Amino acid sequence: MSERQRADRQLGAVVPADGTAHAAVPKQREPGEVVAELDDLAVWFPTPAGVVRAVDGVSLRVRRGETLGLVGESGSGKSTTGLALLRLVDPTSGTVRVGGEDVTRWSRRRLRALRRRVAMVFQDPQASLDPRLTIGASIAEPLIVHRLTDGGAARRRRVGELLDMVGLRGELADRHPHELSGGQRQRVGIARALAGEPDLIVLDEPIASLDLSVQAQIMNLLRRLQRDLGLTYLFIAHDLAAVEHMSDRMAVMYLGRIVESGTPAQIWRDPAHPYTAALLSAVPVADPQVERERRRIILSGDIPSPVDPPGGCRFRTRCPQARPECAETDPVLAEVDPDHRAACLFAKEAVRAMRSA
Amino acid sequence: MKPVLAVEDLTVTIGTRRGPAHAVAGVDWAVQPGETLALVGESGSGKSMSVLAATGLAPRTARVTGRVHLLGTELTGLGQDRRRRLRGRHIGFVFQDPMTSLNPVLTVGRQVTEAAEEHLGLTRRAARSRAVELLEMVGIPSAGQRVDAYPHQFSGGMRQRVVIAMALACEPDLLIADEPTTALDVTTQAQIVELVADLQRRLGTAVVWITHDLGVVAGIADTVAVMYAGRILEQGPVDAVFGTPSHPYTEALLAARPDPAAGGAELVTIAGAPPSPLDLPAGCAFWPRCPVRGDARCEHELPPLVPVSAGHQVRTFYPQPTDGERR
Ligand SMILES: Nc1ncnc2c1ncn2[C@@H]1O[C@H](COP(=O)(O)OP(=O)(O)OP(=O)(O)O)[C@@H](O)[C@H]1O
Ligand SMILES: Nc1ncnc2c1ncn2[C@@H]1O[C@H](COP(=O)(O)OP(=O)(O)O)[C@@H](O)[C@H]1O
Ligand code: SF4
Ligand SMILES: [Mg+2]
Ligand SMILES: [Mg+2]
């Protein structure tokens with residue numbers, strides 16, 4: 001890949017080399033330092049059916065204090081991307097950097113320290129908690145592993161503090177996971193992630209298995225914690241409205257690649273990639289009048305197998321605007337507006353054509 | 001017009017080790033020919049159990065009371081066999097996980113028409129060509145070849161299409177779809193929603209669609225019933241319920257979804273969680289979480305379902321003002 005292509009695949013605002021440009025005009029939110037970074041990451045899994053290219057050339061940066069949202073259909077590679085940041089999967093190529101350090105080839109022993117700096121919250125709060133441990137013991141576990149508290153009393157105090165932060169009563173420390181509701185269990189998962197005061201929290205579908213009213217509680221909690229503690233999130237979800245709500249910047253994945261990135265407003269109002277436009281048009285809105293009048297872009301067929309992704313543009317087998325060139329050239333993620341990128345040979349134009357078709 | 005399926009004062013009580021669970025605590029609804037009734041509510045509110053009980057599919061441990069009419073025939077009191085035949089002839093089912101309806105070792109073609117062979121007396125050969133026809137109807141590409149494939153050779157969305165073909169094979173008067181798109185991606189969900197709406201237009205099938213997704217309801221329903229703790233808290237034409245939600249719960253649910261137009265404002269939440277079906281409160285089941293929180297009456301007395309406009313009913317002592325009044 002050329003230097004330019006590499007630069008093109010970079011996600012997010014480019015920081016001026018001297019770092020001074022922002023000093024003069026203090027904005028509400030300075031772009032923080034880069035906490036974690038993936039550079040042309042590929043994660044391939046050998047399987048009996050062939051090599052699954054789960055992630056196949058993803059570059060992104062997460063900055064301190066921000067939420068980067070990652071959205072896409074199931075199988076597009078979101079979870080694998082998140083796992084790579086914790087080095088819970090081994091990169092096939094590319095680099096993973098956390099806090100400026102290249103951790104791509106770190107040994108198992110060194111990774112222990114990484115797992116304190118990058119924490120993860122999973123979709124299924126039931127499965128991610130040990131059913132035999134009390135809630136208190138589950139939350140204390142990272143404190144013990146990373147030797148963060150001295151002695152039982154300090155540990156109990158810290159567990160109480162963490163429970164309080166996520167809005168749970170202290171007495172829940174003595175309960176077991178099955179005695180809690182799904183929403184409460186997810187709060188415990190968040191408390192565990194907070195225990196090590198990580199630089200980055202990867203939230204993988206944290207609200208997907210929760211009821212509507214509880215989803216809103218958890219999203220508000222995550223945002224409050226971010227505001228109070230200055231947390232940094234990678235927020236992974238297939239729910240576009242949730243990602244839009246939670247993120248400062250967002251990226252859309254398709255078949256192991258980022259196909260579009262930008263601010264939620266850019267992506268919501270002015271999608272440049274045909275896939276994003278189709279995805280947006282498929283999201284149902286809780287307004288019968290809007291639903292009756294809207295015209296959907298219905299994609300035909302299914303997402304192709306990541307064992308054998310289409311050559312050229314990966315979306316071309318389902319793209320309503322695919323043209324002969326799309327089979328020849330693999331489009332790079334190129335800027336379409338400031339801080340807004342799309343990997344389509346006919347970015348914007350194809351979306352306009354689709355919407356007026 | 002005679003409803004296709006109507007339930008009156010339906011209750012379902014399930015015996016558990018910790019006592020009786022009041023899964024459905026008195027529900028009335030009806031679905032008219034060619035129309036779609038959406039049952040919406042949070043997990044455990046009794047959506048699935050109410051349709052399972054209505055169609056005689058409740059678990060053995062359940063005690064069901066109330067009246068159920070299928071095309072004018074009272075089902076309660078009918079023998080198991082008679083009920084099973086009526087169900088097979090008039091109702092098709094689609095569930096969340098297509099694999100619960102599919103047999104992994106039979107070709108999809110055989111499965112699609114299995115029920116039809118029995119109910120319509122089709123020969124093997126006629127059944128096969130009918131299977132191809134049905135698979136084409138639900139949008140399976142190259143149905144002529146795919147008819148001999150096995151379920152594992154299909155994607156999730158394609159499997160759900162097969163299940164829909166199966167459900168429609170007997171040309172039922174009613175399709176019951178229990179979260180048919182919950183496990184699917186939004187783009188696949190849009191395909192399935194479009195497919196069912198199109199089939200419904202062409203075949204005139206009535207649909208009961210269970211979901212917790214208010215957006216899906218807005219797109220598919222003629223009427224909607226909002227369930228909570230085994231009861232309907234609000235029901236009526238979809239425009240009335242979404243346009244002027246009158247129950248504080250409906251209003252809060254509608255406000256809980258992030259709205260991209262709202263500029264990232266804090267989401268409206270409903271504190272706490274629904275009550276346990278083992279221990280339903282005597283009064284309004286929503287009272288402990290209710291932002292309006294009327295008075296002691298709400299806590300101790302079950303509010304009746306009262307009309308607020310044509311066909312629009314709400315179970316609360318304090319119906320919320322309509323938009324008109326609010327202004
Ligand atoms: N076999 C059973 N034994 C005991 N309780 C049951 C059984 N099946 C369901 N229930 C209870 O009955 C209530 C209603 O269940 P139901 O399956 O109808 O909910 P639902 O609204 O369909 O929820 P979901 O959205 O999770 O599918 C729940 O409290 C549930 O726990
Ligand atoms: N450990 C693994 N072995 C083989 N294939 C995998 C593994 N993990 C993920 N995959 C495959 O990689 C692709 C991307 O998966 P994933 O990252 O889980 O996607 P998402 O989170 O977007 O649903 C899928 O096709 C998935 O089946
Ligand atoms: S490059 Fe071609 S096939 Fe790919 S998204 Fe753009 S128009 Fe569609
Ligand atoms: Mg995933
Ligand atoms: Mg259900």
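What you see is a predicted model, and the numbers here were worked out from it, not measured in a lab.
Between the side chain of A/Gln186 and the backbone N or O of A/Gly183, no donor-acceptor pair lies under 3.5 Å. For the pair B/Lys47 (side chain) and B/Glu42 (backbone), a donor-acceptor distance under 3.5 Å is present. The closest donor-acceptor contact from the side chain of B/Ser246 to the backbone of B/Thr244 lies under 3.5 Å. With hydrogens and angles ignored, the 3.5 Å screen pairs a side-chain donor or acceptor of B/Arg161 with a backbone N or O of B/Val138.
Heavy-atom distances place no part of B/Val193 under 4.5 Å from chain A, backbone and side chain included. At a 4.5 Å heavy-atom cutoff, the contact between A/Glu244 and chain B is made by side-chain atoms alone. Within the 4.5 angstrom heavy-atom criterion, only side-chain atoms of B/Leu254, from C-beta onward, approach chain A. Residue A/Ser281: no heavy atom, backbone or side chain, is found under 4.5 Å from chain B. With a threshold of 4.5 angstrom between heavy atoms, A/Arg294 does not approach chain B through any atom at all. Contact annotation for B/Ala265: only backbone heavy atoms (N, CA, C, O) come within less than 4.5 Å of a heavy atom of chain A. Proximity to chain A involves both the backbone and the side chain of B/Glu266, based on heavy atoms less than 4.5 angstrom apart. Both the backbone and the side chain of A/Leu212 have a heavy atom closer than 4.5 Å to some heavy atom of chain B. With a 4.5 angstrom heavy-atom cutoff, B/Ala271 touches chain A only via backbone atoms. With a 4.5 Å cut-off on non-hydrogen atoms, B/Val217 does not touch chain A at all. When heavy atoms are compared at a cutoff of 4.5 Å, A/Asp302 approaches chain B solely by way of its side chain, counted from C-beta outward.
Listed options B/Ala255, B/Gly219, B/Ala273, B/Ala252 were ranked by heavy-atom pairs under 4.5 angstrom with chain A; first place goes to B/Gly219. Note: A/Ala216 leads A/Gly182, A/Ser300, A/Ala216, A/Ala242 in heavy-atom pairs under 4.5 Å with chain B. Of the listed residues (B/Gly156, B/Gly157, B/Gly272, B/Gly139), the one with the most heavy-atom contacts under 4.5 Å to chain A is B/Gly272. Note on A/Arg224, A/Gln184, A/Arg292: by heavy-atom pairs under 4.5 Å with chain B, the leading option is A/Arg292. Between chain A and the residues B/Pro274, B/Ala256, B/Pro258, the largest count of heavy-atom pairs under 4.5 Å involves B/Pro258. Listed options B/Ile220, B/Ile270, B/Val268 were ranked by heavy-atom pairs under 4.5 angstrom with chain A; first place goes to B/Ile270. In terms of heavy-atom pairs under 4.5 Å with chain B, the best-connected choice from A/Asp239, A/Ile303, A/Val290 is A/Asp239. Comparing B/Asp239, B/Leu184, B/Asp259, B/Leu253 by heavy-atom pairs within less than 4.5 Å of chain A, the highest count is held by B/Asp239.
Remark: the A/Asp204 side chain and the A/Ser79 side chain contain an N/O donor-acceptor pair separated by less than 3.5 Å. Side-chain contact check for A/Arg257 and A/Ser76: no donor-acceptor pair (N or O, by modelled atom type) lies under 3.5 Å. Residues A/Ser74 and B/Asp185 bring a donor and an acceptor atom of their side chains to less than 3.5 Å of each other.
Against chain B, the residues from residues 264-273 of chain A that qualify, each with a non-hydrogen atom under 4.5 angstrom away, are A/Trp268 in number order. Interface residues of residues 226-237 of chain B toward chain A, defined by a heavy-atom distance below 4.5 Å: none.
Under 4.0 Å is where a charged nitrogen must lie from a carboxylate oxygen, and between B/Arg257 and B/Asp213 no such pair does.
No more than 12 heavy-atom neighbours from other residues, nucleotides or ligands sit within 6.0 angstrom of CD on A/Gln289.
Partners of B/Pro141 according to the side chain to side chain contact (heavy atoms under 4.5 Å, CB included) rule, which considers only residues two or more places apart in sequence or in another chain, are B/Met158. Considering only residues two or more places apart in sequence or on other chains, B/Phe95 meets the ring pair (Phe, Tyr, Trp, His ring centres under 6.0 Å) condition with B/Phe93.
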Going through the checks in order, is the side chain to side chain donor-acceptor pair (under 3.5 Å) test met by B/Arg146 and B/Gln153? CA-CA 9 Å; B/Arg146 304 296 291 254; B/Gln153 294 168 292; over 6 Å; no
Criterion side-chain contact (heavy atoms from CB on, under 4.5 Å) on A/Ile190 and A/Leu225, from CA distance to verdict: CA-CA 10 Å; A/Ile190 295 168; A/Leu225 289 169; 3.8 Å; yes
Could you walk me through whether B/Thr223 and B/Glu35 pass side chain to side chain donor-acceptor pair (under 3.5 Å), step by step? CA-CA 8 Å; B/Thr223 56; B/Glu35 296 215 322; 5.2 Å; no
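Once rounded to the nearest 0.5 Å, the distance linking CG of A/Leu70 with CZ of A/Phe235 reads 11.0 Å. Atom CD of residue A/Gln217 and atom CG of residue A/Leu221 lie 9.5 Å apart, to the nearest 0.5 angstrom.
Aromatic ring pairs are classed by plane angle as parallel below 30°, tilted from 30° to 60° and perpendicular above 60°; the pair B/Tyr249 and B/His247 is perpendicular. Ring geometry for A/Tyr275 versus A/Tyr254: interplanar angle of 30 to 60°, hence tilted.
In this structure the side chain of B/Thr36 reaches within 4.5 angstrom of the side chain of B/Gln200, judged on heavy atoms.
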